[in-house]
Number of protein chains: 2
Amino acid sequence: MPEISPTIGIGELARRAGCKPETVRYYERIGLVGDASRTEGGQRRYGEEAVRRLTFIRHARDFGFSVDAVRELLAMSDQPDMPCQEVDAVAKHHLEEVESRLQRLSALRDELRRMVSQCAGGKVESCRIIEVLSDHQLCISEAAHKGAHDLG
Amino acid sequence: MPEISPTIGIGELARRAGCKPETVRYYERIGLVGDASRTEGGQRRYGEEAVRRLTFIRHARDFGFSVDAVRELLAMSDQPDMPCQEVDAVAKHHLEEVESRLQRLSALRDELRRMVSQCAGGKVESCRIIEVLSDHQLCISEAAHKGAHDLG
DNA sequence: CTTGAACCTGTAGTTGCTACAGGGATTATG
DNA sequence: CATAATCCCTGTAGCAACTACAGGTTCAAG
C-alpha cells in the first residue's frame, strides 16, 4: 500500500479530524503524533495515515480517554499482532470511571431538580437553593435529601 | 447577633469546609472570599461567617457550579431581599448542562460496554475498540456502530 | 507579481486548584 | 524561659489539555 505523498496542510488535517491546527501542533509537541514532513518552506504536510491517526485520537478523547490512555491505545494499535487484552483492560477501566461519574452526576441532577422545583419565586432569603448550598450537613451522593430539615 | 472575634486559623477553616488551606488562599486571591483579619504576626484568623461562606462555596463547587457561577450565587445571596428568580435561573441553566452531560456520558457508557463486550480476546488487528475509535463515521451518541469498514 | 489566506514559532493564558521552597508565628511541653 | 512541633506566610511553578495571541513567513490563485 503505497502511501501517496503527503499533500494536505495542517488546517485541512485538523478540519477533517475535527479539531484545530493548534491542537495538532500541540499533539506533535507532546509526541502523540510524529513529526510531519515539511515543505521546503517549512510547512507541515500530511497524508491519509495522519488523518486516521488524528481521528483516532480525537475520538478517543471525545470518549473521555485521557491523553495518557490514548497514548497506550495508540501504542497497542501499532502492534496488530498483540492480543487485545490490554486494550480491553484500558477500556474496562475507563468504563468503570464513566459509570461512577454517571452515578454522581445523576445524583447531582436529582438534587438540582429538587432545588429548582422548590424555588418557587420567593425572596433569596428563603431560597432553597441557597439554603441547600449553605447546609453544613449536606453530603453529595449520599444522604443529600434525607433528614435535611431536622437540624438547627 | 454579635460576631465573636475571629479565632480560628486557616487550617481549621479549611478542614471544617472540606478543603485545603491553599484553596482558601486561592479563593482569597481571586476574590471569592474577602481578606481575612490578621494576627500581629500576620496570620489569617476567621470566624463562623467565614466557615459558612466557604462551606457554601465548596458545596456549590461540588455540585459542579463554575467559580463564576458561584460568584453570581454569592452576590445574590448577599442580597436577601432580592427575588430569587436569578438564583433559580443559574440553577436551571446548570441543570440543563448537567442533563446534557448525562446524556452524552450515558451514550458513551453504552458504547464502551459494547466495545468491551465485543473485544473477546482476539488480536489488536481485529479489536472492535480500536476499530470504533478509528472509525471515520463515528459520531458520538448517534450512528456509532453502523457501517464501519467501507473506507479505503 | 501581488494579494490574501494559510502557515510558522514561541510564549502566555485558561480553569481550579495543588505542591513546593524557604522562611516566620504560635503553641505545647520541659 | 527555652525549645520543639506545628502551624502559617509569600511567591512561584506545576497539572491537564488545550487555546489564543503576536509578529513574521510561505503558498496558491489571479
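The sequence lines fix the lettering, A, B, ..., with proteins before strands; numbering per chain opens at 1.
The ring pair (Phe, Tyr, Trp, His ring centres under 6.0 Å) pairs that include a residue from residues 12-41 of chain A number zero, where partners must be two or more places apart or lie in different chains. Under the ring pair (Phe, Tyr, Trp, His ring centres under 6.0 Å) criterion, the residue pairs touching residues 73-107 of chain B are B:Phe65-B:His94, with sequence neighbours excluded. Residue pairs that meet the salt bridge (charged side-chain N to carboxylate O under 4.0 Å, His left out) test with at least one member in residues 27-39 of chain A, sequence neighbours left out, are A:Glu28-A:Arg38, A:Glu28-A:Arg44.
Nearest heavy atoms, A:Ala60 versus A:Val70: CB-CG2, 3.7 Å. The shortest heavy-atom contact between B:Arg58 and B:Thr23 is NH1-CG2, 4.3 Å.
Among the heavy atoms of the strands, none lies under 4.0 Å from A:Arg71. A:Arg15 comes within 4.0 angstrom of nothing in the nucleic acid, heavy atoms only. Residue B:Arg25 is classed as a base contact, given a heavy-atom separation below 4.0 Å to a base. Within 4.0 Å of A:Arg61, counting heavy atoms only, lie sugar-phosphate atoms of the nucleic acid but no base atom.
Here D:dA17 presents its C1' atom at 11 Å from CZ of A:Arg29, a figure rounded to the nearest Å. In this structure, A:Lys20 atom NZ and D:dA17 atom P are separated by 18 Å, rounded to whole Å. Computed from coordinates, the B:Glu12 CD to D:dC7 C1' distance equals 12 Å when rounded to whole Å. In this structure, A:Ile30 atom CD1 and D:dC15 atom C1' are separated by 13 Å, rounded to whole Å. One atom, CG of B:Asp35, and another, C1' of D:dT10, lie 14 Å apart when rounded to the nearest Å.
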Please tabulate the protein-to-nucleotide N/O contacts below 3.5 Å involving nucleotides 3-5 of chain D, giving atom names and distances.
none

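Taking every nucleotide of DNA chain C with any atom under 4.0 Å from a non-hydrogen atom of chain B, the first and last of them, 5' to 3', are C:dG16 to C:dT26.
Among residues two or more places apart in sequence or in another chain, the salt bridge (Lys or Arg N to Asp or Glu O under 4.0 Å) test is passed with A:Arg45 by none. Applying the salt bridge (Lys or Arg N to Asp or Glu O under 4.0 Å) rule to A:Arg25 yields no partners; only residues at least two apart in sequence or on another chain are considered. For A:Glu22, the side chain to side chain donor-acceptor pair (under 3.5 Å) test picks out no residue, with sequence neighbours left out. Considering only residues two or more places apart in sequence or on other chains, B:Arg109 meets the salt bridge (Lys or Arg N to Asp or Glu O under 4.0 Å) condition with none of them. A search for side-chain contact (heavy atoms from CB on, under 4.5 Å) contacts involving A:Glu72 returns A:Met76, A:Val90, not counting sequence neighbours. The side chain to side chain donor-acceptor pair (under 3.5 Å) search around B:Lys92 returns B:Asp88, not counting sequence neighbours.
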Could you walk me through whether A:Asp78 and A:Arg53 pass the side-chain contact (heavy atoms from CB on, under 4.5 Å) check? CA-CA 10 Å; A:Asp78 286 343; A:Arg53 193 178 179 90; 3.6 Å; yes
Base versus backbone protein contacts along nucleotides 25-30 of chain D [heavy-atom cut-off under 4.0 Å; B, S, -]: -BSS--
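Across the interface with DNA chain D, nearest-nucleotide mapping of A:Tyr27 and B:Arg38 shows B:Arg38 to be the residue nearer the 5′ end.
Phosphate contact (OP1/OP2 of D:dA16, side-chain N/O of A:Ser66, threshold under 4.0 Å): absent. Put simply, A:Tyr26 has no side-chain N or O that comes within less than 4.0 Å of OP1 or OP2 on D:dA16.
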